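The structure presented is a predicted model; accordingly, all values stated were derived computationally and were not measured. Just so you know, ligand 1 is whichever comes first in the structure, and atom 1 is the first atom listed for that ligand.
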Amino acid sequence: MRESALIVSKTLGILAPEIKPGVTTLYLDKLAEEFIRDHGAEPGFLGLYDFPNTLCMSPNAQVVHGIPNETPLQDGDIISIDCGAVKNGFYGDHAYTFEVGEVLPETKKLLEVTKESLYVGIAEFKSGNRTGDVGYAIQKYTEDHGYGVVRELVGHGLGKTMHEDPEMPNYGKRGRGKKFVEGMVVAIEPMINLGTKRIKQLPDGWTILTADNKPSAHFEHNVALVDGKPELLSTFQYIYESLNLKTNEENQFRVKIYD
Ligand code: MG
Ligand code: MG
């Protein structure tokens, strides 16, 4: 599972420097597919429930499950990229919302807070806790900023299939839900809207977008419960290396990276 998480992490890392105005999401999708196959893995989303591409590409008001296309990204856009890969029969599932050129301050803040809420949630993925503890933490953190927490889509267990028990909602009540057990691997993935929590779907049967057309952000890590504590299997470090960003945000968790 570490290997699979590493591939999806590196895939987002090679995409990061390519994300600029004028680039199409279909081009980025092809880059990702090539990279994943070159590294002995298969795209995890391609063909899954009949999804047509390697990446889910969701710009601006799109929450998740957007389909890559020939529309060039524009200065001021945000683009949520969700990447799945399967290696040795195990899935990795990883997402990050990128800025394209210069983004409005209120949108920047949404990305910042959503990413912070991911870590706030991960910290609650520990022995003795339940799914509701993670959900509560993410909901509280983001609603305190006035944002909308999507209800219809949730994180999930991860393993030999992409979506396993338990469901990992980004909302909930402390002490409720399924209890975490040692060795469990989950995908924690807040989907947070600048405005309303309500969503709608495009006629393509895939694309989910906000009901008020305001921006939405999505960050996702794969996390294992090891010795009672969360251990990150995926990492944003490849993205940060590509973009020359320095952060220590992942230092609070155990991360074992190997090549
Ligand atoms: Mg995902
Ligand atoms: Mg997921």
Side-chain angles (χ1 to χ4, degrees), residues 1-13 15-16 25 28-29 32-33 35-36 41-59 62-68 78-87 90-98 111 114-115 117-119 121-122 125 131 134-135 138 149-172 178 180 184-193 199 201 206-209 216-225 230 232-236 238-239:
M1 296 227 49
R2 274 203 189 90
E3 281 187 52
S4 307
L6 190 60
I7 289 203
V8 286
S9 302
K10 286 182 171 175
T11 305
L12 293 190
L15 295 179
T25 50
L28 298 171
D29 184 74
E33 179 172 359
F35 184 85
I36 290 168
E42 296 285 321
F45 298 158
L46 185 65
L48 184 71
Y49 316 117
D50 289 328
F51 189 75
N53 289 84
T54 293
L55 300 174
C56 293
M57 284 284 198
S58 311
Q62 294 187 9
V63 180
V64 286
H65 302 167
I67 298 174
I78 53 169
I79 177 79
S80 296
I81 304 185
D82 198 342
C83 178
V86 56
K87 188 173 185 184
F90 289 96
Y91 280 85
D93 183 15
H94 193 43
Y96 194 93
T97 302
F98 294 87
L111 304 192
T114 303
K115 183 145 61 75
S117 80
L118 170 61
Y119 295 118
I122 291 171
F125 182 60
T131 53
V134 170
I138 293 171
V149 179
V150 173
R151 299 300 201 274
E152 292 86 346
L153 299 140
V154 296
H156 48 93
L158 190 68
K160 289 183 176 172
T161 54
M162 177 69 77
H163 298 115
E164 301 187 350
D165 279 340
E167 285 197 342
M168 297 287 295
N170 299 304
Y171 55 90
K178 290 212 173 135
F180 300 132
M184 190 180 243
V185 177
V186 295
I188 300 178
E189 48 178 317
M191 288 157 260
I192 307 298
N193 300 343
I199 55 166
Q201 190 171 33
W206 279 107
T207 312
I208 304 290
L209 64 167
S216 182
H218 181 211
F219 292 87
E220 177 176 26
H221 266 317
N222 301 157
V223 194
L225 189 60
L232 294 189
L233 302 185
S234 55
T235 174
F236 294 140
Y238 296 102
I239 295 172

Closer than 2.8 Å to the Mg ion (ligand 2), do we get an N, O or S atom from His163, backbone or side chain?
no

To check you understand the geometry: which heavy-atom pair defines the closest contact between Ile188 and Met168, and what is its length?
CG1-CE, 3.9 Å

Any donor-acceptor N or O pair under 3.5 Å, side chains His221, Glu189:
no

Would you check if the Mg ion (ligand 2) lies under 2.8 Å from any N, O or S atom of Asp82?
no

With no hydrogens and no angle check, is any side-chain donor or acceptor of Asp29 less than 3.5 Å from a backbone partner on Thr54?
yes

Please name the atom of Asp93, limited to N, O or S, that comes nearest to the Mg ion (ligand 2).
OD2

Determine whether the aromatic ring centres of Tyr238 and His94 lie less than 6.0 Å apart.
no

Looking only at N, O or S atoms in Glu189, which is nearest to the Mg ion (ligand 2)?
OE2

Measure from the side-chain N and O atoms of Thr97 to the backbone N and O of His218, and report whether any donor-acceptor pair falls under 3.5 Å.
yes

Just give me the atom name: the N, O or S atom of Glu220 closest to the Mg ion (ligand 2).
OE2

